[in-house]
A.B. asks: 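Can you read through this structure? Questions will come right after.
Every heavy atom of this structure was used, including side-chain atoms; hydrogens, water molecules and symmetry mates were not.
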Amino acid sequence: MKKVYINEYGPRVSAAIYGFWRWTEEDLQGARKFEDVVLFTRELGIDTYDLSTNHGSSQLETQFGKLIESKAINQSELILSKKVGLREYSGSHGSGIYHDLSPQYITKEVEQSLTRLKRDKIEILILEGFDFLSNFEETASALLKLQRSGKISYIGVSNFNVFQQRLLSSSLSQPIITNHLELNLLQTEALHDGRFDFIREQHSRAMAFSPLADGRILLSEDAQAVKLRLALIEIGKKYEANVEQVAVAWLNKLGALPIIGSKEKRRIQNAATAHAFELTREEWYYLYNATN
């Protein structure tokens, strides 16, 4: 798999990223399934991993750390990203989630993750969601300390709008290298609200999660999805490619980095091999217009 620079200053990452946001606690109970999928992605040439799950990443990071410690994978070849900033609360007032980008919480999360991962560094630390209560000068100072100590290399954000990203950037001495956002043929809002253009203005690439719209592109019977699927099949005939490959190739043409979330090897391989061909400009717009 080809490597691309996520930012003009680095790092160099695989053209497709593997993410764990669909993995459940049950999936992570046994090491065999986890190891099998990670080794399979390495065989495909994927070396960049987003260590984020919907239920917290501690168990995932522990499993990943065991895999590194056993030398089943070479940690010097890995680019790891981790999200920080989303927390849960529960009590008499109910339960829910909230954002915490305080220096204390960020620092604590990074240090605990490094212990679980049995590593000295996390390549990309992604701030997950905007914290309206954060003092971003203090947050930036904590991030700078983590960088100077070698515990993180680069900073990214997740689902920040342009103004929020600009606010954080104003207190940082180096650019935010990515915005982790939802982007696919059925969800193109990031192309119209400035988020995608702003990250490109920073000479960086966006990381696109849900490249198949949570399976809607493949399976949904709603009129928009059916129309799009027929267009994807039509374009795929030229390249001897399936619907998944063409949908991911659409993201590749845009310069986004697709985050593969499937646990099925066949689907992982489909998405990971989409870089083998490149859509023409006409084909890209034909697919884009097929959803309108």
A.B. asks: Should Q164 and L168 count as side-chain neighbours, where that means a heavy-atom distance under 4.5 Å?
C.D. replies: no
A.B. asks: Checking Q147 against Q174: is there a side-chain donor and acceptor pair closer than 3.5 Å?
C.D. replies: yes
A.B. asks: To the nearest 0.5 Å, how far apart are CD in Q75 and CD in E77?
C.D. replies: 10.5 Å
A.B. asks: Tell me, please, which residues at least two apart from K66 pass salt bridge (Lys or Arg N to Asp or Glu O under 4.0 Å).
C.D. replies: none
A.B. asks: Can you list everything that forms a ring-ring contact (aromatic ring centres under 6.0 Å, His included) with Y288? Sequence neighbours excluded, please.
C.D. replies: W284
A.B. asks: Counting only heavy atoms not in K3, do more than 12 fall under 6.0 Å of its NZ?
C.D. replies: yes
A.B. asks: Any chance you could measure K253, atom NZ, to L279, atom CG, to the nearest 0.5 Å?
C.D. replies: 7.5 Å
A.B. asks: Just jot down the ring-ring contact (aromatic ring centres under 6.0 Å, His included) partners of Y18, sequence neighbours excluded, or say none.
C.D. replies: F20
A.B. asks: Test H180 against every option in I259, L127, V157, I199 by the side chain to side chain contact (heavy atoms under 4.5 Å, CB included) rule and name the one that passes.
C.D. replies: I259
A.B. asks: Atom CZ in R116, atom CG in L60: separation rounded to 0.5 Å?
C.D. replies: 9.5 Å
A.B. asks: So among I79, I17, T41, which one has a side chain to side chain contact (heavy atoms under 4.5 Å, CB included) with Y49?
C.D. replies: T41
A.B. asks: Does any part of the side chain of T48, heavy atoms only, come nearer than 4.5 Å to the side chain of L257, both counted from C-beta?
C.D. replies: no
A.B. asks: Run the salt bridge (charged side-chain N to carboxylate O under 4.0 Å, His left out) check on D36 and K265 step by step: do they pass?
C.D. replies: CA-CA 9 Å; D36 189 40; K265 287 184 177 181; 3.1 Å; yes
A.B. asks: Quick one: list whatever passes side chain to side chain contact (heavy atoms under 4.5 Å, CB included) with R148, sequence neighbours left out.
C.D. replies: L144
A.B. asks: Hey, what do you get for CG (L78) to CG (L117), rounding to the nearest 0.5 Å?
C.D. replies: 10.0 Å
A.B. asks: Can you name the residues that form a ring-ring contact (aromatic ring centres under 6.0 Å, His included) with F130, not counting sequence neighbours?
C.D. replies: F132, F136, F160
A.B. asks: Just by distance, do the side chain of Q63 and the backbone of L28 share a donor-acceptor pair under 3.5 Å?
C.D. replies: yes
A.B. asks: Within the 4.5 Å heavy-atom criterion, are R195 and L183 side-chain neighbours or not?
C.D. replies: no
A.B. asks: Using side-chain heavy atoms (C-beta onward) and a distance below 4.5 Å, is S81 in contact with M207?
C.D. replies: yes
A.B. asks: Are E240 and F277 close enough that some pair of their side-chain heavy atoms sits under 4.5 Å apart?
C.D. replies: no
A.B. asks: Just wondering, do V226 and E221 contact through their side chains at under 4.5 Å, heavy atoms?
C.D. replies: yes
A.B. asks: Under the salt bridge (Lys or Arg N to Asp or Glu O under 4.0 Å) rule, collect the residues that match up with E138, sequence neighbours excluded.
C.D. replies: none
A.B. asks: Counting only heavy atoms not in Y9, do more than 12 sit closer than 6.0 Å to its OH atom?
C.D. replies: no
A.B. asks: Assess, by modelled atom type and distance only, whether the side chains of R216 and Q224 contain a donor and an acceptor separated by less than 3.5 Å.
C.D. replies: yes
A.B. asks: Can you tell me if Q245 and Y239 form a side-chain donor-acceptor pair at under 3.5 Å?
C.D. replies: no
A.B. asks: Looking only at atom types and distance, does a side-chain atom of T178 sit under 3.5 Å from a main-chain N or O of R205, one as donor and one as acceptor?
C.D. replies: yes
A.B. asks: Is the shortest heavy-atom distance from the side chain of K145 to the side chain of T107 under 4.5 Å?
C.D. replies: no
A.B. asks: Work out which heavy atom in Y286 is nearest to a heavy atom in E234; give both atom names and the distance.
C.D. replies: OH-OE1, 2.6 Å
